[in-house]
Student: 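A single structure is presented below for examination.
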Amino acid sequence: MHPKPTLPQLAWQEAELSMFLHFGMNTFTDREWGEGNEDPQWFNPSQLDTEQWVQVAKECGFKYLILTAKHHDGFCLWQTRYTEHSVKNSPWRMGKGDVVREFARACQQAGLKMGIYLSPWDRHERTYGDSPAYNRYFINQLTELLTRYGEVAEVWFDGACGEGPNGRRQEYDWQGYYAVIRKLQPNALIAICGPDIRWVGNEDGYAAETEWSVQDPVPAFHGNATGKGWWPAECDVSIRPGWCYHAHEDTKVKSLEHLIDIYFKSVGRNSVLLLNVPPDRRGLLPDPDVQRLREWRKALDSIFARDLAVRKPVRASSAQRGHGAASVVDGKRDTCWMPRELPASLEIDLRQPTTFNIVMLQEYIAEGQHVEEYSVEALTSAGWQEIKRGTTIGHKKLDRVVPVTATRVKINILRSRALPLIRNVSLYHAPEVKTA
Ligand code: FUL
């Protein structure tokens, strides 16, 4: 059996871009990891406006937003009943404010998906390290977050786990946490320390050249699962050096070129990009970050403005009934080419010498991920030349190639775990894109 995504996994992967928002006590202490002994009085954003976060995210193409409802310092951004270490004891909105509520509302109004980060590691909570008691506390927190604020699309569990008081180690009840999430929000994806979304393995925003959404199960996160499962990669990276806002990093926002590279190496390598943009002490996305995000959106829009392969004549080595070659250039999402046998190839007639430097390939992942090796050839004035040899494709593979002028392009599927379903082939010419 070939694993396939669930509907929420498919929707998440197709959305491609998620925004991470690290905001909380660290924003006010200028730290990355608080110790848990911070005074709630220090939390006091002067102009908090979650609509600004959401509006910038939407404008720049993000479809999911994930807020740190509680980071390792244990400070809660919502009106929780289970601890005093929360916004209810801060001066902000006279202790009546609820950041999670304002965030959830803004996401809903904009039609974006809302997710929460809830740190299992908690440096404030006294029961931390007393395993059953803390697990109850954590499940109570989850229950509040999953019942009060409408639909939650993603729950993000960090892997960081430190020691509790006196060196006591907390045993997390992962299966218990998952059961509560499945019961209260059956469509929520459980990320990182969870069965639905996998950490890509670094915090640079780069997936691997070979990136399989099909993975061996990890018993801690998948219960007693046997056989392979669908566990797609997410690339989390911050637009700044740190995850939380620090004024001294206002000049260290990643460059446009760097962010474009991240896009190609995350979304363009069968992964979702979870880009962190930390709100500042005003409670707004910082101005330099907003400006950079807008430049990035504009650059991506211009790179992908014109597909040079769209509706060009295309021939396949073989095709199954209803899955003809033209499906890959018809611009439709729900059609795909499926050959009858392997190896298989497609040949696109560009009709005239056409210069491009980006090749985009997409599998129809609703039916799984299959392709193990492919090559791209171009018919130039010097004859056929192989311009790329790659491995996995998955939802989206973006290859930056040395600019080539060709009249025909061939895509060869050399090895595949099952007959491939190819949804799309596109070619683009972006003069400003460097090869990598
Ligand atoms: C890490 C945390 O320790 C960082 O503070 C941050 O939240 C990052 C996304 O995950 O493990």
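Residue indices begin at 1 and follow the sequence shown. First listed ligand is number 1; within each ligand, the first listed atom is number 1.
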Student: Looking at Glu16, Glu211, Glu234, Glu209, which one forms a salt bridge (charged side-chain N to carboxylate O under 4.0 Å, His left out) with Arg269?
Tutor: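 That would be Glu209; it is the only one of Glu16, Glu211, Glu234, Glu209 passing the salt bridge (charged side-chain N to carboxylate O under 4.0 Å, His left out) with Arg269.
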Student: Does a salt bridge link Lys396 with Glu363, judged by any charged N lying under 4.0 Å from a carboxylate O?
Tutor: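 Salt bridge absent between Lys396 and Glu363.
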Student: Can you pull out the closest protein heavy atom to atom 11 (O) of ligand 1? Residue, atom name and distance to 0.1 Å, please.
Tutor: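 Closest protein heavy atom to atom 11 (O) of ligand 1: Asp158 OD2, 2.8 Å.
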Student: Which residue supplies the protein heavy atom nearest to atom 5 (O) of ligand 1, what is that atom called, and how far is it?
Tutor: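 Looking only at protein heavy atoms, the one closest to atom 5 (O) of ligand 1 is His71 NE2, 2.9 Å.
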Student: Any nitrogen or oxygen of Trp243, side chain or backbone, less than 3.5 Å from one on ligand 1?
Tutor: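 Between Trp243 and ligand 1, no N or O pair is found under 3.5 Å apart.
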Student: Check each atom of ligand 1 against the heavy atoms of Phe20 and keep those under 4.0 Å away; list them by number with element.
Tutor: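 The list of qualifying atoms is 9 (C).
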Student: Is the closest N or O pair between Asp236 and ligand 1 shorter than 3.5 Å?
Tutor: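 No, since none of the N or O atoms of Asp236 sits under 3.5 Å from an N or O of ligand 1.
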Student: Is ligand 1 under 4.0 Å from a heavy atom in the side chain of Thr68, in the backbone, in both, or in neither?
Tutor: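 For Thr68, no heavy atom sits under 4.0 Å from ligand 1.
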Student: Backbone or side chain, does any N or O of Trp156 fall under 3.5 Å from an N or O of ligand 1?
Tutor: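 N/O-N/O distance under 3.5 Å: no.
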Student: Quick check: Phe43 with Phe75 (ring centres under 6.0 Å apart)?
Tutor: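 Centroid separation for Phe75 and Phe43: below 6.0 Å.
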Student: What about Phe138 and Phe157, are their ring centers closer than 6.0 Å?
Tutor: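 Here the rings of Phe157 and Phe138 have centres that are less than 6.0 Å from each other.
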Student: Between Asp49 and Arg282, does any NZ, NE, NH1 or NH2 come within less than 4.0 Å of an OD or OE carboxylate oxygen?
Tutor: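 Salt bridge flag = no for Asp49 with Arg282.
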Student: With a 4.0 Å cut-off on heavy atoms, does Trp33 reach ligand 1?
Tutor: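 Within the 4.0 Å threshold, so yes.
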Student: How about Tyr428 and Phe356: are their ring centroids closer than 6.0 Å?
Tutor: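 No, the ring centres sit 6.0 Å or more apart.
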Student: For ligand 1 and His22, I'd like to know whether there is a polar contact (N/O to N/O, distance under 3.5 Å).
Tutor: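 His22 vs ligand 1: N/O contact under 3.5 Å present.
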Student: Should the ring pair Trp243 and Phe20 be called parallel, tilted or perpendicular, given that the plane angle runs from 0 to 90° and is split at 30 and 60?
Tutor: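 Perpendicular: the ring planes of Trp243 and Phe20 meet at over 60°.
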Student: Where is the nearest protein heavy atom to atom 3 (O) of ligand 1: which residue, which atom, and how far?
Tutor: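 Result for atom 3 (O) of ligand 1: His72 NE2, 2.8 Å.
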